[in-house]
Amino acid sequence: MHLNHDNHTPAAASITFDDFLKVDIRIGTIVEAEPFPEARKPAFKLKIDFGPAIGVKKSSAQIVDRYALDELVGRQVAAVVNFPPRQIGKFMSEVLTLGFADEEGAVILFAPDRVVPNGSRLF
């Protein structure tokens, strides 16, 4: 699923602004987090509220190395909301929660540094 995490990798090929607009990245608030022991790679099941236009969506997130379940609810995160749903075991992941690899390769969630309305779109 993940591409190269190496921060020395050159930038990807150029795209147009219209290409960028095709990827719908929104902010949502995690309203529920639970273990996902059936996942092949350690992960949590998240329910994320993206506001009235998009609603609550489910996501499988490989963030267990840096986050505890009890610190996730109420946290805002960024996610791609217009990828097709993806079956992960018996769980249907509806959005791709975004993060960056730290120096050890663990995922650090991508989020605003101040609270913004759920459903706000990245531009």
Colleague: Verify the cluster assignment for F123 and L21: are they in a single hydrophobic cluster under the rule of side-chain heavy atoms below 4.5 Å apart?
Modeller: no
Colleague: Write down the atom of Q87, the atom of M92, and the distance for their closest heavy-atom approach.
Modeller: OE1-CE, 2.8 Å
Colleague: Quick one: CZ on F91 to CD on E34, what's the gap to the nearest 0.5 Å?
Modeller: 7.5 Å
Colleague: Go through it in stages, so that I can follow the logic: the residues are V56 and I48, the test is side-chain contact (heavy atoms from CB on, under 4.5 Å), and I'd like the CA-CA distance, side-chain angles, deciding distance and then a yes or no.
Modeller: CA-CA 5 Å; V56 175; I48 307 168; over 6 Å; no
Colleague: How close do N82 and D24 get, heavy atom to heavy atom, and via which atoms?
Modeller: OD1-N, 3.0 Å
Colleague: If you define the side chain from C-beta out and look only at heavy atoms, does anything of I25 sit under 4.5 Å from R121?
Modeller: no
Colleague: State whether the side chain of T97 and the backbone N or O of S59 hold a donor-acceptor pair below 3.5 Å, judged by distance alone.
Modeller: no
Colleague: So does K47 pair up with E94, basic N to acidic O under 4.0 Å?
Modeller: no
Colleague: So do the side chains of Q76 and R114 get within less than 4.5 Å of each other, counting heavy atoms only?
Modeller: no
Colleague: Taking all heavy atoms of S60 and all of S93, pick out the closest pair and write down the distance.
Modeller: N-OG, 3.1 Å
Colleague: To the nearest 0.5 Å, what is the distance between CD1 on I108 and CD on E103?
Modeller: 7.5 Å
Colleague: Are side-chain N/O atoms of N118 and T29 paired as donor and acceptor at under 3.5 Å?
Modeller: yes
Colleague: Evaluate E32 against K58 for salt bridge (Lys or Arg N to Asp or Glu O under 4.0 Å), listing each step before the verdict.
Modeller: CA-CA 9 Å; E32 191 175 311; K58 298 181 293 185; over 6 Å; no
Colleague: Go through it in stages, so that I can follow the logic: the residues are V95 and F83, the test is side-chain contact (heavy atoms from CB on, under 4.5 Å), and I'd like the CA-CA distance, side-chain angles, deciding distance and then a yes or no.
Modeller: CA-CA 7 Å; V95 299; F83 283 155; over 6 Å; no
Colleague: Distance to the ring centre below 6.0 angstrom and angle to the axis at most 45 degrees; does that hold for K57 and F50?
Modeller: no
Colleague: Drop me the distance from I88's CD1 to F36's CZ, to the nearest 0.5 angstrom.
Modeller: 6.0 Å
Colleague: So do V107 and F100 actually touch side chain to side chain, heavy atoms under 4.5 Å?
Modeller: no
Colleague: Please round to the nearest 0.5 Å and tell me the distance separating atom CG of L109 and atom CG of L98.
Modeller: 9.5 Å
Colleague: Can you confirm whether K45 sits close enough to E38 that some side-chain heavy atom of one is under 4.5 Å from a side-chain heavy atom of the other?
Modeller: yes
Colleague: Could you pull out the closest heavy-atom pair between S120 and P117, with the gap in Å?
Modeller: OG-O, 2.7 Å
Colleague: Tell me whether V31 shares a hydrophobic cluster with L72, the cluster being built from Ile, Leu, Val, Met, Phe, Trp, Tyr side chains joined at under 4.5 Å.
Modeller: no
Colleague: Examine V81 and V77 and state if one hydrophobic cluster contains both, with Ile, Leu, Val, Met, Phe, Trp and Tyr joined whenever side-chain heavy atoms are less than 4.5 Å apart.
Modeller: yes
Colleague: Kindly compute the distance separating CZ (F110) from CD1 (I27), expressed to the nearest 0.5 Å.
Modeller: 7.0 Å
Colleague: Please determine whether residues L122 and V80 belong to a single hydrophobic cluster, defined as Ile, Leu, Val, Met, Phe, Trp and Tyr linked transitively by side-chain heavy-atom distances below 4.5 Å.
Modeller: yes
Colleague: Measuring from T9:OG1 to N7:CG, what's the distance to the nearest 0.5 Å?
Modeller: 7.5 Å
Colleague: Could you pull out the closest heavy-atom pair between F44 and I63, with the gap in Å?
Modeller: CD1-CG1, 3.7 Å
